[in-house]
Colleague: 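I am attaching a structure below and will ask some questions about it afterwards.
So you know, we letter chains A, B, ... as the sequences are listed, proteins then strands, and number each from 1.
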Amino acid sequence: MEYNFSEIEQKWQAAWDKANAYKVSNESDKPHYYVLDMFPYPSGAGLHVGHPLGYIASDIYSRYKRQKGFNVLHPMGFDAYGLPAEQYAIQTGQHPEVTTNENIKRYISQLRKIGFCYDWSREVKTCDPKFYKWTQWAFIQMFNHYYDTAAQKAKPISELVARFEKEDPAWATLTEKEQQERLMNYRIAYLADTKVNWCPALGTVLANDEVSEGLSVRGGYPVEQRVMRQWCLRVSAYAPRLLEGLDRVDWTDSLKDTQRNWIGRSEGAEMRFEIKGQDAPITIFTTRADTVFGVTFMVLAPESEYVERLVTDGQRDEVEQYLAWVKRRTERERIADRKVTGVFSGSYAINPLTNNEIPIYISDYVLAGYGTGAIMAVPAHDSRDYAFAKHFGLPIVPLIEGADVSEQSFDAKEGRMMNSGFLNGLEVKDAIARMKEHITNTGIGRVTVNYRLRDAIFSRQRYWGEPFPVYYKDGMPYTVDEKDLPLLLPEVRDFKPTADGRPPLGNADNWTYKGYPLELCTMPGFAGSSAYYLRYMDPTNDEALVSRQANDYWQQVDLYLGGSEHATGHLIYSRFWNKFLYDLGLVCKDEPFRKLINQGMIQGRSNFVYRYIGEGATGNLYISYNLINNPEYKDKVQPIHVNVNIVNNDVLDITAFRNWMPEFKNAQFIFADGTSSEIEDNPYLGAAMPKQYICGWAVEKMSKSMFNVVNPDDVIAKYGADTLRLYEMFLGPLEMSKPWDTNGIDGVHRFLRKAWNMYETISDDAPTAEELKSLHKLIKKVTWDIENFSFNTSIPAFMIAQNELYALKCNKRAILEPFAVLLAPYAPHIAEEMYHRCNTLPFREGAGVGSSFVIDAPWPECNEAYLIEDTQKYPVQFNGKVRFTLECPKDTPREEVEKFVLAHEDTARYLAGNTPKKVIVVPGRIVNIVM
RNA sequence: GCCGCGAUGGUGGAAUCGGUAGACACGAAGGACUUAAAAUCCUUUGGCCCGAAACGGCUGUGUGGGUUCAAGUCCCACUCGCGGUACCA
């Protein structure tokens, strides 16, 4: 019986569709479970084999949960706004919506072929007005709320207005514009002049997580700092809760650590330093209050508000020159070139403890956005201050006994204090506490907590995004009435910025509301992805983002799968967004994702041919990989990427290679055997037998330019979706990054084919103990694997069980039916067909095990585990005194065990001194002692 | 620099609670079937040594120490690789 995978897969995919097997209802008596994949951005290149890794894992888990009797929500959608579609639009004039929809169509067809159990009736896409209505709606709520830090909760801005009216007599005297300006300092979505990452090549600002090493994450273009008036979200207000919430979610420690670092809580103190000759002090933030006695100068960020006040006339020219130079530098230059720069302001501060006059400098190593934008410098115990002090010849006062600061600073927070007045002799930790007490009591400062996390910049000067529901009157923003949502993205004549440099929406006709101009920026990519998981719960609701009823049923995402690259972007923003909605009483859980797993990235595995470039090279000769280190070729070959799709198990298809590109048309080879003749005479037939050219390989990023992109459609055409699914899991642990290496796929395919052959004729005979043992081992293993997301180790377990059953020639329904049920989450199509072959019941479309929706075949329980734990107890005497009970495999001869114990005197003596509860023995070695 | 993760045969990887390291698969070698090839099946496959035989010995999980009757697994120090982050005071 032939394993015709494409016939089987098409048959069942059609049957599941027809039966609506994966449609999920919000009304069910079953327990609920919500499994979510991070939805993809539909790029023009389509899916490659790396994308479905996480989807397959979540699909296995979803199917398993269904079989276990859960009502499982497992949806899919598209993060449809994004830069590539817009860049493409600028180049071609093609509307991004058109390309996006084409790409989505292609993605869906690719995903369907893999046999996922998504409820497609719940599909969302972020560029759909029915969807972005709720993105705009949430923005309006953020505009109309402020964060009450005392209550640690978002509250309506009207409450703040009422408080101002009541408590501040000046409020009533303000004009409306002045009132609005004041409220802007409190709104959760607010407009502000902020230093932003401006990317000239993309013509837009970017959030901190969209920039890496001074380059844009998308495209890798240089980014510079600019001050612009932008929409921002007050994410920083939620920093304490974002941090605290991490203790209540089931995420990996590494991801939690990444978020904790990004949020960057640090406990310290704010201190005031008086300025010589001025009334007002300046405030700094420090985590090392213990080092105040070593403060020998102070430094301001170039953008600090203090700069203007502290620059003396004598220094003004020099300072202005420096500020202009800092402003010109790009972010990239600043990172690349870390030399010490700075300028003296002319003013002096007074060290509050030593009463020394200390100079105040301005330098770009101090950041305006963190703390107060000003620092006290302790060169002896901070490497940055140290470098600065050395450069400008400033005094360095060591404060910790034994610290040698002649060559470098001593940054560690350990040791005993000296040169520090009342702190002398204290350990650093105690000194910090003591000094905090001191500054609080004397009023020099106060204990505070600082966060690194900054507000999210929410404006993008682009076309392809959600329009802000905002119009401007008298220069102040007002939100569009909720009844007028969604505010549709307008058509534009040109996707590029306007001639006078305004964002692309400036090209739209009548972009006004009630006669007032509308906002020209659009929202960033993370806007639409911040609450999409809620929309799946209730995707067609026109009255609300999600009804409270639907939210109460599904609660939150139970299992979220996606890449760790979203740790400091999407996963922060959506937690913030969710907490905001929670404050408004719209959702019942303040954390959106209960358990989160990061699947690793699938890297490419590139193949190379080696062009001979030594003496007499024609440029047409290629050396087999196994020969390139031979003396005659060593260092005389040049590796060239070759399309992995014309290489099989590292053996090049030379005909395909010659046809691949014109430059290889006349390629000649030195084959693995060291000769150049392409055929070997066949002694039997005299027929042509092609010889082997071996390619080299390397692990690289999967990309077009490396010719190492493998398309899942091709794999499915060759091996079927079930093989693809199994193989992706077989490749290695889910969380680990690994290269896509097709070399092992035959083994997995062979397993399915062999398994398939067991189902040719089904017998009703009672299973033997041996057969049951195989099955029970498998049940135990696969259950453990799925519940622990250890999918890769299930495939070998299936192979072992299958080999055992194959050897026993087992064709019994009692074994093969549960086997199919176990296999169904991994390989649903073949399992469905296997299951129906076992089943004598009348065939019902879509009602089987692969659909795992109508539970005809519940997950098998393993009640006869004794068949696996096949052990026996032996009483053993040692020296006639100490008596043990040893547990060992049933077939271990008694003499063997006793001989063993006596032969291991150390162990025996150990056992004599400790009385173990249980000792498990195998011939030759003790394997387990339970105390 | 800091934080996190990892290192096991020719390759991908297994060993789930400290208990027979190398499961399973690929590749390779040999064999059966075949006019031949493909497909399929069987055998061998970490290294070294002894041997007529082995259910024989030694060695072995990046390096060096340690804890333990027992360490791939725990502890300390280090090397290399990967990911994140970076003047965060």
Colleague: Using atom C1' in both nucleotides, what's the gap between B:G66 and B:U73 to the nearest angstrom?
Modeller: 15 Å
Colleague: What does B:G1 pair with, Watson-Crick or G-U, if both distances are under 3.5 Å?
Modeller: B:U85
Colleague: Assign B:G30 to syn or anti; the rule is syn for a glycosidic angle within 90° of 0 and anti otherwise.
Modeller: anti
Colleague: With C1' as the reference atom in both, quote the distance from B:U63 to B:C80 in angstrom, rounded to an integer.
Modeller: 10 Å
Colleague: Report which part of the nucleic acid A:Asn788 touches: base, sugar-phosphate, or nothing (heavy-atom distance under 4.0 Å, all strands).
Modeller: nothing
Colleague: Can you tell me the Watson-Crick or wobble partner of B:A23, both distances under 3.5 angstrom?
Modeller: none
Colleague: Does CD in A:Glu305 sit with more than 12 non-hydrogen atoms of other residues, nucleotides or ligands closer than 6.0 Å?
Modeller: no
Colleague: Which is true for A:Pro733 with a 4.0 Å heavy-atom rule: it touches a base, it touches only sugar-phosphate, or it touches nothing?
Modeller: sugar-phosphate
Colleague: Tell me which nucleotide, if any, is Watson-Crick or G-U wobble paired with B:U43 when both distances must be under 3.5 Å.
Modeller: B:A29
Colleague: Within the pair A:Tyr365 and B:A89, is there a side-chain N or O less than 4.0 Å away from OP1 or OP2?
Modeller: no
Colleague: Please report, rounded to the nearest Å, how far the P atom of B:A89 is from the CG atom of A:Asp385.
Modeller: 12 Å
Colleague: For A:Arg605, answer base if it contacts any base atom (sugar-phosphate contacts may also be present), sugar-phosphate if it contacts only those atoms, and nothing otherwise; contact means non-hydrogen atoms under 4.0 Å.
Modeller: nothing
Colleague: Name the pairs: protein N/O against N/O of nucleotides 24-26 of chain B, kept only if under 3.5 Å.
Modeller:
| residue | atom | partner | partner atom | Å |
| --- | --- | --- | --- | --- |
| B:C26 | OP1 | A:Arg750 | NH1 | 2.4 |
| B:C26 | O2' | A:Asn743 | O | 3.0 |

Colleague: Nearest to the side chain of A:Arg452 - B:U85, B:C87, B:A15?
Modeller: B:U85
Colleague: Give me the distance, rounded to whole Å, that separates B:A53 from B:C5 when you measure between the C1' atoms they each carry.
Modeller: 49 Å
Colleague: Any idea if B:C17 is syn or anti, going by the 90°-from-0 cut?
Modeller: syn
Colleague: Think A:Ser266 has a side-chain N or O under 4.0 angstrom from the OP1 or OP2 of B:A89?
Modeller: yes
Colleague: Pick base, sugar-phosphate or nothing for A:Leu367, based on heavy-atom distances below 4.0 Å to the nucleic acid.
Modeller: base
Colleague: Provide the Watson-Crick or G-U wobble partner of B:U73, both distances under 3.5 Å; none if there is no partner.
Modeller: none
Colleague: Just to be sure I understand the rule, does A:Val366 reach a base, reach only the sugar-phosphate, or reach nothing, if contact means heavy atoms closer than 4.0 Å?
Modeller: base
Colleague: Does A:Lys256 reach a base, just sugar-phosphate, or nothing at all? Heavy atoms under 4.0 Å.
Modeller: nothing
Colleague: When rounded to the nearest Å, what value does the distance between P atoms of B:A77 and B:G10 take?
Modeller: 31 Å
Colleague: I want to verify a distance call: between B:A86, B:A89, B:G13, whose nearest atom is closest to the A:Asp382 side chain?
Modeller: B:A89
Colleague: Is B:G18 paired to anything, Watson-Crick or G-U wobble with both distances less than 3.5 Å, and if yes, which nucleotide?
Modeller: none
